[in-house]
Amino acid sequence: MRRLLPLFAGLLMSGFLSAQSSYPLVTIEQINQVIDLAACNDSSIYLGDTVRFRAHVVTDGGLSEVASGSVQGGNRPFIYMIDTAANGVVDSLSGIEVMGVYNDAQGNLQPIPGFTALFQGDKVEVTAVVEEYQNNTQLTTIDANSVTLLTSGDLMPSAFVPKTVSVGDLNDAQRVNNVQSGEYWQNSFVELQNVTVVQVIPFSGNRVSFNVADANGNTINVSDRFLAQRTPSHSTVNPNTPSLTGTGSFVAPSVGTFYTSLKGIIRHSGNGCTGGTGRGYEINPFDSSHYEVGASAPNITNVFSFPVVPNSTQTVLISADIADADGTIDTVELYWSADPNLATGSFSSVNMTLASGSTYEYNIPAQADGSLVRYWIRAVDNDGSVVTYPASPSSAVNPYFNHYTVRDNGLRIFDIQFSGNGTGSSVFEGQTVTVRGFITSARRDCDLEYVYLQDPNDTVYAGIALIPNQDLDNVYRDQEIQVTGTVQETFGVTYLNVDSYIGLGNSQTIMPTPIDPSDANLDMEMYEGMLVSYQNPNGGKIYISNPDNGFGEYSVATDPSFGSSQSSRVIAGRQSGTSANSSLYVSLISDSSYVTSGGNLMVPAVITNSSMDMDAMHGIMWYSFGNYKLMPRNNFDIVNLSTPLDTNGCNVPTNVSLEEVSAEEVAIYPNPANAAFTIESANAKVSFRLMDLNGRVILSSADAATMHEVNVSELTAGVYILTTTETKTGLSSSHKVVVGK
């Protein structure tokens, strides 16, 4: 790897000669000076400024593993650095996080050339903008020449000494951040000593974090920003991933595992007095040597129930592999109940039988149709160490659980979505299943353009996102279908990756489930994937409580003065891979930049402000970046907004019948068009309007015809919205038309 550095240095030095010296040269300690910790304002005094600084690399560029659909190549690289004055030894305010991406001339995010080929000990000069993300100070590079290698291997790896801090310096027992002392170690290499695993948190199918606590109960999350904590099933996104570490080799610990030492980078995920609903301060190990284990607890793996969907005549086999690395297993107990009202801490237990090797089994007797059977496992080794499966917080009175439902008539969406394992992940993850329901949003103009399915027989855990094959382009809102596909978890969202579907010939309008956007105790997980409605339970208005949360999101509440803990999020007008799947047919957006950024908005924009109110807002409940948020499908989902919304582009809801879909088939060709395009309707006469992205009508015709020739030779190149209206029924649809020159 070292032989790459001369090329890298030459590439960056060429930029250094031409660039960044006009920006002030400051120290990392100066950047980390904050506005007012006593008032819980932990923002840098340089926030928003462009600065230069010199630093030593702490984490090799090939170790970070942050996937991003918005960055060319899919990898958003991060390096953690330390002030050159520290000579590798961590001191207060000496660490910084640098994100090595920039916007190219076309506005696309690109990684800095050679950034991921930097190594620990390299001395660099960086020019970047001081920003923050969820209270963590983050430096963002400004162009391809923002990072200059000054000296390769200026410090030896042995020079980098972590700072020993206590968990209590960072968080309390509820993992609430202690900014008055913790902020000094943000983005720095630290060591925690004598901590115990109290919760293991699998997520996204192949990732895991876990919480550890000190002797006083103060708790911190051990997170996986680096490859060191990625599991073998993880597929790397960093093209410079070291070959020795491959795709990850981390094995999650069990609750009760004792670490004499944990090392890593401290990051801030704001909560408590700084606001937000994050994890507090977290530690991110970046090398396998950063986990020093003391006494080993039992390890429970490969837990399954069979048959997966039992009927009322079948017993169910519960099987688990249980072993102890430094001793033997003394007892294994299964706690189970078919009583839906019984707390899991009150379940009665039975002994599981050692069937062979390390595999323990028990057969639960047949139960009545519709029974929800919940269970958890407790194992004790010869040292008296105790673990449970699923892993629960050590202080939990009622442990987390696995479950299955007895179904004589097949699986329901509820069975896929309901989860008691503390992670929200489906117990059917990775399995192929078949369910039925009605479409609540479709891949059609004037809709969310993503497909969601809902079962009208349940009021919670009743909706699910479908990853469509091409056939799902043909489904329409309110249609009943049966789908077969594989259950998968992606960034905390449960999806059904559809292999095939069957239209069942029925239709039903699913009415949105009302929820209070200011209910701080509401478990939003119950509504993931469902059509819901933010409403005031007292019959009043709901208000824009925060017009811009960033990233295309804003908040609503039953009182305009409510803060984040009593507000619920909305996202609209932004589509960006797995991070944003919202509708482009919703006018109410948080920032005018989203008219063209993150997809071209297909309706006239109305920018949120704190004076707005409405009767209700409907949409699909979705989850990303630690927050649940509502995705309205079009302007009809925003009920009686105090600022009028244009519905002419989509003047009917999209729950159309099969006959209407057939009647409204319209072809537009050529598209893109240079001088002219043709509108051809297969079955009906239509009129049309052509609008720009600000909603201004550029061309129109009220004449009813099955074919229109539209001259666009005088128009500016760009994206336009074409609305066609079937003159007999009034059915309208919108289409994207690209005019080029």
Side-chain angles (χ1 to χ4, degrees), residues 300-322 332-357 359-378 388-390 399-421 425-438 453-464 480-488 494 496 498-502 504 506 526:
I300 304 176
T301 59
N302 300 323
V303 177
F304 69 85
S305 59
F306 182 82
V308 174
V309 186
N311 62 40
S312 56
T313 67
Q314 295 174 306
T315 61
V316 174
L317 173 69
I318 307 297
S319 176
D321 291 340
I322 305 174
V332 177
E333 296 172 295
L334 176 72
Y335 291 75
W336 72 276
S337 175
D339 181 351
N341 300 312
L342 188 64
T344 55
S346 300
F347 288 2
S348 57
S349 68
V350 294
N351 290 321
M352 298 185 73
T353 302
L354 181 61
S356 62
T359 301
Y360 290 78
E361 296 178 345
Y362 181 79
N363 284 285
I364 294 178
Q367 303 294 316
D369 180 35
S371 296
L372 176 67
V373 179
R374 296 172 294 155
Y375 65 90
W376 54 278
I377 298 169
R378 181 179 186 269
T388 60
Y389 185 94
Y400 294 151
F401 57 87
N402 270 17
H403 74 277
Y404 62 86
T405 306
V406 180
R407 299 289 190 197
D408 286 342
N409 296 310
L411 199 70
R412 299 227 299 243
I413 293 173
F414 176 95
D415 306 325
I416 300 172
Q417 282 284 27
F418 178 67
S419 176
N421 57 20
S425 297
S426 173
V427 295
F428 288 92
E429 184 179 357
Q431 299 186 46
T432 299
V433 299
T434 298
V435 291
R436 62 174 57 189
F438 292 87
L453 190 69
Q454 188 160 327
D455 187 337
N457 297 305
D458 291 303
T459 57
V460 293
Y461 303 106
I464 193 166
E480 185 181 24
I481 64 173
Q482 178 176 291
V483 294
T484 298
T486 304
V487 178
Q488 71 178 58
T494 304
L496 189 58
V498 176
D499 298 320
S500 62
Y501 86 93
I502 301 170
L504 300 178
N506 301 316
M526 298 189 298

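All values below come from the heavy atoms of this structure, side chains included, with hydrogens, waters and symmetry mates left out.
The salt bridge (Lys or Arg N to Asp or Glu O under 4.0 Å) check on R412 picks up D455, D458, with sequence neighbours excluded. Residues passing the side chain to side chain contact (heavy atoms under 4.5 Å, CB included) test with T459: none are found, sequence neighbours excluded. Take Q482 and apply the side chain to side chain contact (heavy atoms under 4.5 Å, CB included) test, not counting sequence neighbours, and it matches T434, R436, I502, L504. Scanning for side-chain hydrogen bond (donor to acceptor under 3.5 Å, both in side chains) contacts around S312 gives D408, with sequence neighbours left out. N409 meets the side-chain hydrogen bond (donor to acceptor under 3.5 Å, both in side chains) test with no other residue; sequence neighbours excluded. Partners of N363 according to the side-chain hydrogen bond (donor to acceptor under 3.5 Å, both in side chains) rule, which considers only residues two or more places apart in sequence or in another chain, do not exist here. Here S419 pairs with N421 under the side chain to side chain contact (heavy atoms under 4.5 Å, CB included) rule; sequence neighbours left out. Remark: Y335 pairs with E333 by the side-chain hydrogen bond (donor to acceptor under 3.5 Å, both in side chains) rule, at least two apart or across chains.
Across all non-hydrogen atoms, the minimal contact from P390 to Y400 is CD-O, 3.7 Å. Of all heavy-atom pairs spanning N311 and V406, the tightest one is C-CG1, 3.5 Å. Annotation for I300 and T388: closest pair CD1-C, 4.3 Å, computed over non-hydrogen atoms. Listed here is the closest heavy atom pair of F428 and V309: CE2-CG2, 4.0 Å.
D339 and S337 are not linked by any side-chain donor-acceptor pair at a separation below 3.5 angstrom, with hydrogens and angles left out of the test.
Pairs of residues two or more places apart, or lying in two chains, never qualify as side-chain hydrogen bond (donor to acceptor under 3.5 Å, both in side chains) while including a residue from residues 365-376.
A donor-acceptor pair under 3.5 Å is absent between the side-chain atoms of Q431 and the main chain of V487, judged by distance alone. In this structure a side-chain-to-backbone donor-acceptor pair under 3.5 Å is missing from T484 to S500.
Between F401 and H403, the ring planes lie perpendicular to each other; the angle is over 60°, past the 30° to 60° tilted range.
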Below 3.5 Å, can you tabulate the donor-acceptor pairs from side chains in residues 315-322 to any protein atom, sequence neighbours excluded?
unit_1	atom_1	unit_2	atom_2	d
D321	OD1	T359	OG1	2.6
D321	OD2	N302	ND2	2.9

Report all side-chain donor-acceptor pairs from residues 347-355 shorter than 3.5 Å, counting only partners two or more places apart or in another chain.
none

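Taking 4.5 Å as the limit, some side-chain heavy atom of V373 sits within range of a side-chain heavy atom of I364.
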- Pair Y389-N402, side chain to side chain contact (heavy atoms under 4.5 Å, CB included): steps then yes or no: CA-CA 8 Å; Y389 185 94; N402 270 17; 3.8 Å; yes

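The CZ atom of R407 lies 5.0 Å from the OG1 atom of T405; values are rounded to the nearest 0.5 Å. L496 contributes atom CG, which lies 5.5 Å from atom CD1 of I416 (distance to the nearest 0.5 angstrom).
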